Student: 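Below is a structure I'd like to ask you about.
Computed from a predicted structure; not experimentally measured. All values below were derived from every heavy atom in this structure, side-chain atoms included, with hydrogens, water molecules and symmetry-related copies excluded.
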Amino acid sequence: MDSLQDLPARRLTLLDVSPRELARIAPLPEGYLRALSRYRYGPGAAKADFLVGGAIPWADPRLSRAATVHLGGTRGTAPELARAETATARGLRVRHPYIIVVDPAAADPARAAGGRRPVWAYAHVPHGDPRDPLPTIRAALESHAPGFTDTVIAERGVPAARLGAYNPNYVGGDIASGAMTLWQTLARPVPRWNPYRTPLPGTWLCSSATPPGPSVHGMCGYHAARAALATWPEAERTGSASLERDDHRLGG
């Protein structure tokens with residue numbers, strides 16, 4: 001989609017896009033555009049995909065029961081991870097970045113077929129980093145799972161600089177849709193009483209560029225939907241009843 005005009009006629013639009021994409025596709029007023037232009041993006045993610053011929057041979061067999069494993073540093077201690085994340089956020093390359101490894105078949109054996117299974121991982125890297133992440137991620141896996149390399153049937157790496165080609169919302173490989181600075185935690189994406197509402201009538205932003213931000217999965221869209229529905233006449237809030245039930249379950 002290149003413009004909001006590409007969408008069919010509607011009364012309400014919720015956009016799960018980055019501020020940069022919002023500015024590209026929507027005819028926004030100059031003041032709001034200037035505010036969006038000051039929005040900062042954070043570190044990138046560099047992804048590696050593997051097809052392997054068996055379970056990951058973790059040195060600690062307890063890890064074979066985990067579908068997601070976090071790696072970092074040489075010992076994996078909290079101070080090591082904190083130093084690596086701080087350096088990465090400052091745009092510095094680190095030897096042992098923070099890495100998340102996902103082995104879906106560990107939780108769902110149906111994801112493995114014929115002895116083969118998918119494994120993917122991503123490393124936190126500086127914004128827009130062009131390096132192939134395969135050597136770094138493969139070495140980290142080999143360190144914690146000796147013999148992993150021998151199980152690899154096929155592999156590919158996607159640098160942070162190329163993630164934007166896959167999804168334009170991943171600016172510089174930033175899959176969180178914006179740096180989580182103190183200011184951007186409070187004013188995300190711009191300082192507004194209702195951060196989900198754009199200046200365009202009926203147009204709302206619901207991505208992780210809005211509160212409460214990334215990693216709180218689904219809550220940005222949930223709050224945006226509630227804010228949008230609150231602007232409709234009571235008789236037209238067809239989804240309000242189910243949202244109220246969801247809110248009660250979430251303790252709201």
Student: Could you tell me which non-hydrogen atom of Pro195 sits nearest to which non-hydrogen atom of Thr210, and how far apart they are?
Tutor: O-CG2, 4.2 Å

Student: Could you check whether any side-chain N or O of Asp6 sits under 3.5 Å from a backbone N or O of Asp2, counting only pairs where one atom can act as donor and the other as acceptor?
Tutor: yes

Student: Can you name the nearest heavy-atom pair linking Ala84 to Val94, along with the distance?
Tutor: O-CG1, 4.0 Å

Student: Should Ile137 and Trp120 be regarded as members of a common hydrophobic cluster, given that ILVMFWY residues are connected when their side-chain heavy atoms come within less than 4.5 Å of each other, either directly or indirectly?
Tutor: no

Student: Taking Leu134 as the starting point, is it possible to reach Leu51 by hopping between hydrophobic residues whose side chains are less than 4.5 Å apart?
Tutor: no

Student: Asp60 vs His144, test: side chain to side chain contact (heavy atoms under 4.5 Å, CB included). Steps then yes/no.
Tutor: CA-CA 8 Å; Asp60 186 336; His144 293 277; over 6 Å; no

Student: When you measure from the side chain of Asp49 to the backbone N and O of Arg156, does any donor-acceptor pair fall under 3.5 Å?
Tutor: no

Student: Between Ser18 and Val171, what is the shortest heavy-atom contact and its length?
Tutor: OG-CG2, 4.2 Å

Student: Does any N or O in the side chain of Glu142 come within less than 3.5 Å of the main-chain N or O of Thr149, such that one atom is a donor and the other an acceptor?
Tutor: yes

Student: So does Pro211 get a backbone contact from the side chain of Tyr196, meaning a donor-acceptor N/O pair under 3.5 Å?
Tutor: yes

Student: Under a 4.5 Å side-chain heavy-atom rule over Ile, Leu, Val, Met, Phe, Trp and Tyr, are Val119 and Leu63 clustered together?
Tutor: yes

Student: Counting only N and O atoms by type, is there a donor-acceptor contact under 3.5 Å from the side chain of Thr136 to the main-chain atoms of Pro133?
Tutor: no

Student: Heavy atoms only: give me the nearest Leu81-Gly72 pair and the separation to one decimal.
Tutor: CD2-CA, 3.4 Å

Student: Crowded around Arg131 CZ? As in, over 12 foreign heavy atoms under 6.0 Å?
Tutor: yes

Student: Kindly compute the distance separating CG (Leu71) from NE2 (His96), expressed to the nearest 0.5 Å.
Tutor: 11.5 Å

Student: Taking all atoms of both residues into account, what is the closest heavy-atom pair of Leu92 and Pro126, and its distance?
Tutor: O-CG, 3.4 Å

Student: Nearest 0.5 Å please: distance from the OG1 atom of Thr13 over to the CH2 atom of Trp204.
Tutor: 11.5 Å

Student: In Å, rounded to the nearest 0.5 Å, how long is the span from CZ of Arg20 to CG of Asn169?
Tutor: 10.5 Å

Student: Is there a side chain to side chain contact (heavy atoms under 4.5 Å, CB included) between Arg197 and Thr231? Walk through the geometry before answering.
Tutor: CA-CA 10 Å; Arg197 192 171 197 164; Thr231 66; 3.8 Å; yes

Student: Quick check for you: to the nearest 0.5 Å, what is the distance between Leu15 atom CG and Leu200 atom CG?
Tutor: 9.0 Å

Student: I'd like to know if Arg83 and Glu80 make a salt bridge, using a cut-off of under 4.0 Å between side-chain N and carboxylate O.
Tutor: no

Student: Among His124, Glu85, His70, find the one that has a side-chain hydrogen bond (donor to acceptor under 3.5 Å, both in side chains) with Tyr98.
Tutor: His70

Student: Flag yes if more than 12 heavy atoms outside Arg116 fall under 6.0 Å of its CZ atom; otherwise flag no.
Tutor: no

Student: Evaluate the side-chain proximity of Ser177 to Glu21: yes if any heavy-atom separation is below 4.5 Å, no if none is.
Tutor: no

Student: Working to the nearest 0.5 Å, report the span between CD1 of Ile25 and CG of Leu7.
Tutor: 7.5 Å

Student: Taking everything shown except Arg10 itself, do over 12 heavy atoms lie less than 6.0 Å from its CZ?
Tutor: yes

Student: Given side chains that start at C-beta, do those of Leu22 and Tyr32 come closer than 4.5 Å, heavy atoms only?
Tutor: yes

Student: Are Leu28 and Leu4 linked, directly or through other ILVMFWY residues, by side chains that come within less than 4.5 angstrom of each other?
Tutor: yes

Student: Which heavy-atom pair separates Ala106 from Ala66 by the least distance, and what is that distance?
Tutor: CB-O, 3.6 Å

Student: Measuring only between side-chain heavy atoms, which start at C-beta, is Ser207 closer than 4.5 Å to Val17?
Tutor: no

Student: Is it true that a side-chain atom of Ser143 and a backbone atom of Ala139 form a donor plus acceptor pair closer than 3.5 Å?
Tutor: no

Student: Identify whether Tyr166 and Val158 are in the same connected component of the hydrophobic contact network (ILVMFWY, side-chain heavy atoms under 4.5 Å).
Tutor: yes

Student: Please check: side-chain N/O of Arg117 versus main-chain N/O of Asp103, any donor-acceptor pairing under 3.5 Å?
Tutor: no

Student: Is there a side-chain contact between His223 and Pro212 (heavy atoms, below 4.5 Å)?
Tutor: yes

Student: For the residue pair Tyr39 and Tyr41, does the interplanar ring angle fall in the parallel (under 30°), tilted (30 to 60°) or perpendicular (over 60°) class?
Tutor: perpendicular

Student: Which distance, rounded to the nearest 0.5 Å, do you find between the CD1 of Ile175 and the CG of Asn167?
Tutor: 10.5 Å

Student: Determine the interplanar angle of the Phe50 and Phe148 rings, folded into 0 to 90°, and report it as parallel if under 30°, tilted if 30 to 60°, perpendicular if over 60°.
Tutor: perpendicular

Student: Donor-acceptor pair, distance only, cut-off 3.5 Å: does the side chain of Arg188 make one with the backbone of Ser208?
Tutor: yes

